[in-house]
Amino acid sequence: MAFVEAARKCVTAVGLTVAYVLLALVVLVGYLGDLYTLLLASVYGTDPEAEDDAEELHEQKRKAGEGSGGRVSARVRDYVVAEGFSFEEHVIRVSVNNDKPEEDVEVVVHRLFDGASAVGKRPIILHHGLMQSSGVFVTSGHTSPAFYLARNGLDVWLANSRYAMQPEGGSRLPRKSDQWNWSFNDLANFDFPQLISYVTKATGQKPVYVGHSQGATQALVSFAIDPERSAALSLFVGLAPAFFLNYPAPAPALVLMCASPQWLLRLLLGRGSVLPLMCTAQKLFPAVAFQSMAGHTFEALFRWGRTLWPAACAQARFQFSPSLVATRLLRDWIASMLLGGVVTDSETQAHTYAAPSMRCPVAIISGGKDYLVDAPKLAYELDRVRPGTVLLNDLVPEYSHLDVLWAADVQERVFTPILALVNKAAVTTA
C-alpha cells in the first residue's frame, strides 16, 4: 500500500508540475510579446499597436497623472511628497506573545494629510490586499485614492500587512521559516486590533477602515472571532472583500493550484515566504520590464483585467505588487477557495467563518467581473445577521478584482461614495 501511495503522489506531482511549466510558458510568451512591442517602439519611434489609441492614452495620462510626475520609485514617501502632502512613517510593534517580546512583529504604516497638521481631521485607514503593499494607494497620480481623500480633509493612514513593506532604512526580513508561520487568525487576532488601537490613540477618534480584498478579510475574521472589535470603527468599507469566495473556474492557474494536494503545495511553495525571487527581480529589473512580467503573471493567476487601468501608472504600481507573503497564508487561501469561505483553522481546513454581527455601519463595493469573491453574498449575510448594517452595496458591472483600486474612473465610482458616507458618519471620540 505504501508503494501504491508513493506512486500516486509521484504521478500527481509530475502531472501538476508539467501543468505549472506550461502555465509559466504562457506568461513568458506574453512577456516576450511586450518586449517585442517595446523594441519596435524604440526602433521606429512609435508603438504600432497603440498609435490609433494615442489620443485616448493622452487623456488617460491627463486624468490620472503621470504616476506622480512620471517618477517611478519604490518609496511611498516620494509619491506623497511629490503631490505636496505631509508624510509620516510609523512602525507598530505588534505583540504576538506577551511572554516573548523578541517575537514582536514590525508593521509599517504610512500617514499623509493636507497642510502642516492632522489635528481635527477624520482618520481613515486604507489596507491593501494579498501580495500588495501600501504603495498601491498612491501610484495613480493625482487621482490616487489616498490623495483624493487627503485633499478632502481626511487624515489618511496606509497600513501594511506583515513584512509587506520594510521601514525606511529598517530591519531585515525574517530568514527563519517559523517566522513566516502565520495566517488569517494571526492577522485578525494580533495585527488588525493593534493597528486600530494605534491609530485611535494617535488621533483620539474612531477611524474609518477601508480594506481591499485580504485587507477586508482580516478585519471581518477579527469581527467574526469577537464582534465587539467592530465597535472600534466609525465605518467599515469592504472593497472586493474576500470573505465568501467563488471557485476560480475562469482562472485556470487557480484551478490548478486548488487541484494540488497540500503536500505538493508545501513542496512547490516552500515553508517560508512566497515569490522571493520575483520580489528580488522587482528591485533589479527596469520598471518597464518588471511591470510586464508581473502583469502577465497575475493575469494568469487571478484573471485580472488591465484594460481599465491608466497605462501611464503601470510601472509605478508594480513597484508595490507583488510583496512577500507567508506560504501558509497562501495555502489557506487555496483551501478557502475550495470551501467558498475563509478557513477557521490551518491544520484541519474543514470549516469557514460565518458573517459577523457588526457593531458599526458597513459599505461594500465590488466588481461585476470579479470572479474571485462573492461580495453580494457578504452584504446579504451581514444584513441578515444584523438588519440595517449595510448602508451601501454597490456592484460596478465592468470592474474586476483590482479595478476598485486602479480603474481610471475609480475616484468617481468608488471613493466619492465612500467620502459621502464618511462625511455622514458621526465623529466619535475614542
Centroid-centroid distance, Phe192 to Phe223, less than 6.0 Å: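 Yes; Phe223 has its ring centre under 6.0 Å from that of Phe192.
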
Between Tyr353 and Phe243 (judged by ring centroids, cut-off 6.0 Å), do the two rings come close enough to count as a pair?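 Between Phe243 and Tyr353, which both carry aromatic rings, the centre distance is not below 6.0 Å.
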
Side chain proximity check, [X] to [Y], heavy atoms < 4.5 angstrom:
X      : Y      : value
Met358 : Leu382 : yes
Tyr209 : Ile124 : no
His212 : Gln132 : yes
Leu308 : Trp406 : no
Pro241 : Thr217 : no
Arg162 : Leu187 : yes
His127 : Val210 : no
Val208 : Phe236 : no

Only counting residues at least two apart or in another chain, list the ones meeting ring pair (Phe, Tyr, Trp, His ring centres under 6.0 Å) with His90.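 Partners of His90 by the ring pair (Phe, Tyr, Trp, His ring centres under 6.0 Å) criterion, ordered by chain and then number, come out as Trp157, Tyr198.
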
Do side-chain atoms of [X] reach the backbone of [Y] as a donor and acceptor pair under 3.5 angstrom?
X      : Y      : value
Gln349 : Ser336 : no
Ser222 : Ala188 : yes
Gln291 : Ala316 : no
Ser321 : Phe318 : no
Thr203 : Pro123 : no
Asp409 : Glu412 : no
Thr143 : Ser140 : yes
His128 : Ser161 : yes
Tyr163 : Ser273 : no
Asp374 : Leu245 : no

Lys NZ or Arg CZ of [X] over [Y] ring: under 6.0 Å, within 45°:
X      : Y      : result
Arg328 : Trp182 : no
Arg111 : Phe87  : no
Lys377 : Phe244 : yes

Identify the two heavy atoms, one from [X] and one from [Y], that lie closest to each other, and give their separation to 0.1 Å.
X      : Y      : result
Asp383 : Gly388 : OD1-N, 3.0 Å
Ala355 : Val385 : O-CG2, 3.9 Å
Leu149 : Leu419 : CD2-CD1, 4.5 Å
Ile365 : Val404 : O-CG1, 4.3 Å
Ala150 : Leu112 : CB-CD1, 3.9 Å
Ser183 : Asp332 : OG-OD2, 2.6 Å

Would you say that more than 12 heavy atoms from the other residues, nucleotides or ligands in this model lie under 6.0 Å from the NZ of Lys121, or not?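 Yes - once you tally the heavy atoms of other residues, nucleotides and ligands closer than 6.0 Å, there are more than 12.
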
State whether the number of non-hydrogen atoms from other residues, nucleotides or ligands found under 6.0 Å of Asn97 atom CG is greater than 12.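 For Asn97, atom CG is crowded (more than 12 foreign heavy atoms under 6.0 Å).
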
May I ask you to decide whether [X] forms a salt bridge with [Y], counting only side-chain N to carboxylate O separations under 4.0 Å?
X      : Y      : answer
Asp155 : Arg122 : no
Asp114 : Arg151 : no
Arg359 : Asp226 : no
Arg413 : Glu398 : yes

As a quick check of understanding, evaluate side-chain contact (heavy atoms from CB on, under 4.5 Å) for Gln214 and Leu329, giving each step before the final call. CA-CA 11 Å; Gln214 183 183 279; Leu329 177 64; 3.3 Å; yes

side-chain hydrogen bond (donor to acceptor under 3.5 Å, both in side chains) between Asn160 and Ser134: does it pass, once the steps are laid out? CA-CA 6 Å; Asn160 285 283; Ser134 58; 3.1 Å; yes

side-chain contact (heavy atoms from CB on, under 4.5 Å) between Val80 and Phe147, intermediate numbers included: CA-CA 8 Å; Val80 174; Phe147 301 155; 4.1 Å; yes

Distance from [X] atom [atom1] to [Y] atom [atom2], nearest 0.5 Å?
X      : Y      : atom1 : atom2 : result
Leu405 : Ser213 : CG    : OG    : 9.0 Å
Glu168 : His110 : CD    : NE2   : 6.0 Å
Arg306 : Arg317 : CZ    : CZ    : 11.5 Å
Leu284 : Phe290 : CG    : CZ    : 10.0 Å
Leu372 : Leu402 : CG    : CG    : 9.0 Å
Asn181 : Ser346 : CG    : OG    : 8.0 Å

Between His142 and Glu83, a side-chain donor and acceptor under 3.5 Å: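 On atom types as modelled, these side chains qualify, holding a pair under 3.5 Å.
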
Please lay out, stage by stage, how Thr139 and Gln319 fare under the test side-chain contact (heavy atoms from CB on, under 4.5 Å). CA-CA 9 Å; Thr139 45; Gln319 292 300 298; over 6 Å; no

For Lys206 and Leu233, what are the C-alpha separation, side-chain angles and deciding distance, and is it a side-chain contact (heavy atoms from CB on, under 4.5 Å)? CA-CA 5 Å; Lys206 290 184 178 181; Leu233 303 180; 5.9 Å; no

Salt bridge (Lys or Arg N to Asp or Glu O under 4.0 Å) evaluation trace for Arg77 with Glu89: CA-CA 8 Å; Arg77 174 192 298 272; Glu89 181 180 80; 5.8 Å; no

Which residues share a salt bridge (charged side-chain N to carboxylate O under 4.0 Å, His left out) with Asp104, sequence neighbours left out: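 Counting only residues at least two positions away or on another chain, Asp104 forms a salt bridge (charged side-chain N to carboxylate O under 4.0 Å, His left out) with Arg93.
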
